[in-house]
J.: 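Before anything else, here's the structure in question.
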Amino acid sequence: FSGKLGYERARIAQSVHDGEDVLVLFCGVGPFLIPIKKKRDVSITGLDINPVACRYLLKNAALNNIETDIIIGDANSIGVLFKKRFDRIVMPTPYGQDYFLNLTVPILKPCGIVHFYTFKKDFEFMHFKRVLEERGWHINSYRNAGGVAPRVNRYVFDLERAQTST
């Protein structure tokens, strides 16, 4: 896999804590999943709709001597696919598919973390940040994770659900 997000993969693996239940959506061949599992003692699940990518993930997991649950499925169905909740969700979201973030709410534990990757044009960034906050997300941190086209960058937001008072 590409080295472009090497810093991000290491950063996420470092931030995960032993004992967490971790879900990697759009896991592909495992560029986020494998470094996390190699560094931490976690229960980790990968979900991807591409069966070929999942077969390569199985091979990569075997080559790296790690165990993981791999589900071939559509991220649109995560509310049905998962009965448990996760401490942490890693989402290298496809371009233009930000709506997947809202689908994670029912499967995220209280105080759970989402590492949400998105693509934004430079003039869209501040508006998107406000939208996240308006939709009940607390932004722990964010950073530009690299340019992908003229005036288009990949950003990562480390998010928690804002606590609501009852």
Side-chain angles (χ1 to χ4, degrees), residues 1-28 30-49 74-82 84-166:
F1 41 81
S2 169
K4 282 187 175 184
L5 289 177
Y7 172 81
E8 280 301 310
R9 290 190 290 270
R11 184 182 74 84
I12 300 300
Q14 186 67 31
S15 69
V16 172
H17 302 287
D18 288 342
E20 286 187 358
D21 285 317
V22 179
L23 173 63
V24 181
L25 292 176
F26 319 106
C27 66
F32 280 94
L33 189 147
I34 289 173
I36 293 169
K37 185 63 178 173
K38 284 186 73 88
K39 187 161 190 74
R40 300 291 184 210
D41 182 17
V42 296
S43 171
I44 194 161
T45 303
L47 174 76
D48 204 291
I49 198 167
D74 188 341
N76 283 301
S77 302
I78 59 177
V80 175
L81 289 171
F82 299 107
K84 72 176 190 175
R85 297 173 122 197
F86 295 89
D87 297 296
R88 188 175 305 263
I89 300 173
V90 181
M91 297 182 65
T93 311
Y95 192 96
Q97 304 297 306
D98 292 345
Y99 74 92
F100 281 110
L101 178 61
N102 296 327
L103 301 179
T104 65
V105 173
I107 63 167
L108 184 65
K109 288 182 182 176
C111 300
I113 303 288
V114 177
H115 301 285
F116 180 68
Y117 293 82
T118 185
F119 300 91
K120 294 290 169 230
K121 295 177 180 162
D122 54 7
F123 59 86
E124 297 173 316
F125 177 77
M126 290 308 293
H127 172 72
F128 183 72
K129 189 172 170 267
R130 279 193 303 277
V131 168
L132 287 173
E133 292 166 339
E134 289 168 1
R135 292 191 178 159
W137 291 101
H138 173 75
I139 301 171
N140 291 337
S141 66
Y142 62 89
R143 66 182 294 276
N144 182 332
V148 296
R151 300 186 70 188
V152 179
N153 292 301
R154 177 185 287 124
Y155 294 93
V156 58
F157 290 86
D158 296 338
L159 304 169
E160 285 184 64
R161 285 302 288 171
Q163 297 297 314
T164 56
S165 57
T166 54

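Just so we're clear, the structure is a prediction, and the values are computed from it rather than from any experiment.
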J.: Heavy atoms only: give me the nearest Pro110-Arg85 pair and the separation to one decimal.
T.: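 In terms of heavy atoms, the two residues are closest at CD-NH1, 3.6 Å.
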J.: List the atom pairs, with distances to 0.1 Å, where a side-chain N or O of residues 101-109 and a protein N or O form a donor-acceptor pair under 3.5 Å, not counting sequence neighbours.
T.:
from	atom 1	to	atom 2	distance (Å)
Thr104	OG1	Leu101	O	2.6
Lys109	NZ	Asp87	OD1	3.3
Lys109	NZ	Asp87	OD2	3.4

J.: Using every non-hydrogen atom in the two residues, find where Gly30 and Pro35 come nearest and quote the distance to one decimal.
T.: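 Smallest interatomic distance, heavy atoms only, reads O-CD, 3.7 Å.
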J.: Before giving the answer on side chain to side chain contact (heavy atoms under 4.5 Å, CB included), spell out for Lys39 and Val16 the whole-Å C-alpha distance, their side-chain angles and the decisive distance to 0.1 Å.
T.: CA-CA 9 Å; Lys39 187 161 190 74; Val16 172; over 6 Å; no
J.: Rounded at 0.5 Å granularity, tell me how far CG in Asn140 sits from CD1 in Ile113.
T.: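 It is 5.0 Å, given to the nearest 0.5 Å.
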J.: Counting distance only, does the side-chain N/O of Asn153 pair as donor-acceptor with the main-chain N or O of Tyr155 below 3.5 Å?
T.: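 The answer is no, because no donor-acceptor pair under 3.5 Å joins these two groups.
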J.: Ignoring hydrogens, what is the shortest heavy-atom contact between Lys37 and Val42? Give both atom names and the distance.
T.: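 Nearest heavy atoms, Lys37 then Val42: NZ-O, 2.6 Å.
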J.: Please round to the nearest 0.5 Å and tell me the distance separating atom OG1 of Thr118 and atom OH of Tyr95.
T.: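 Spacing of OG1 (Thr118) from OH (Tyr95) equals 8.5 Å.
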J.: Any side-chain to backbone donor/acceptor pair from Asp48 onto Gly28? Under 3.5 Å, distance only.
T.: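 Pair found, side chain donor or acceptor close to backbone of Gly28.
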J.: If you measure from CH2 on Trp137 to CZ on Arg161, what distance do you get to the nearest 0.5 Å?
T.: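 Result: 5.0 Å between the selected atoms.
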J.: Rounded at 0.5 Å granularity, tell me how far CZ in Phe128 sits from CZ in Phe119.
T.: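 Those atoms lie 12.0 Å apart.
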J.: Could you tell me if the side chain of Val156 sits less than 4.5 Å from the side chain of Arg11, heavy atoms only?
T.: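 Yes, close enough: below the 4.5 Å cut-off.
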J.: Centroid-to-centroid, Phe26 to Tyr117, below 6.0 Å?
T.: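 Centroid distance Phe26-Tyr117: not below 6.0 Å, so no.
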J.: Kindly indicate whether the side chain of Ser15, heavy atoms from C-beta on, has any atom under 4.5 Å from the side chain of His115.
T.: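 Yes, at least one pair of side-chain atoms sits under 4.5 Å.
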J.: Please report the interatomic distance NZ(Lys120) to CG(Asp98), rounded to the nearest 0.5 Å.
T.: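 Atom-to-atom, Lys120:NZ and Asp98:CG are 3.5 Å apart.
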J.: Identify which one of Val22, Leu25, Val24 satisfies the side-chain contact (heavy atoms from CB on, under 4.5 Å) criterion when paired with Phe32.
T.: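 Per the side-chain contact (heavy atoms from CB on, under 4.5 Å) rule, the option paired with Phe32 is Val24, out of Val22, Leu25, Val24.
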J.: Start with the C-alpha gap between Asp158 and Phe116, add the side-chain angles, then the distance that decides, and say whether side chain to side chain contact (heavy atoms under 4.5 Å, CB included) holds.
T.: CA-CA 6 Å; Asp158 296 338; Phe116 180 68; over 6 Å; no
J.: Between Thr45 and Phe86, does the side chain to side chain contact (heavy atoms under 4.5 Å, CB included) criterion hold? Intermediate values first, please.
T.: CA-CA 10 Å; Thr45 303; Phe86 295 89; 4.2 Å; yes
J.: Rounded to the nearest 0.5 Å, how far does CD of Glu133 lie from CG of Leu159?
T.: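 Reported to 0.5 Å precision, the distance equals 9.5 Å.
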J.: Quick one: closest heavy-atom pair of Arg40 and Ala13, and the distance?
T.: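 The pair with the smallest heavy-atom distance is NE-O, 3.4 Å.
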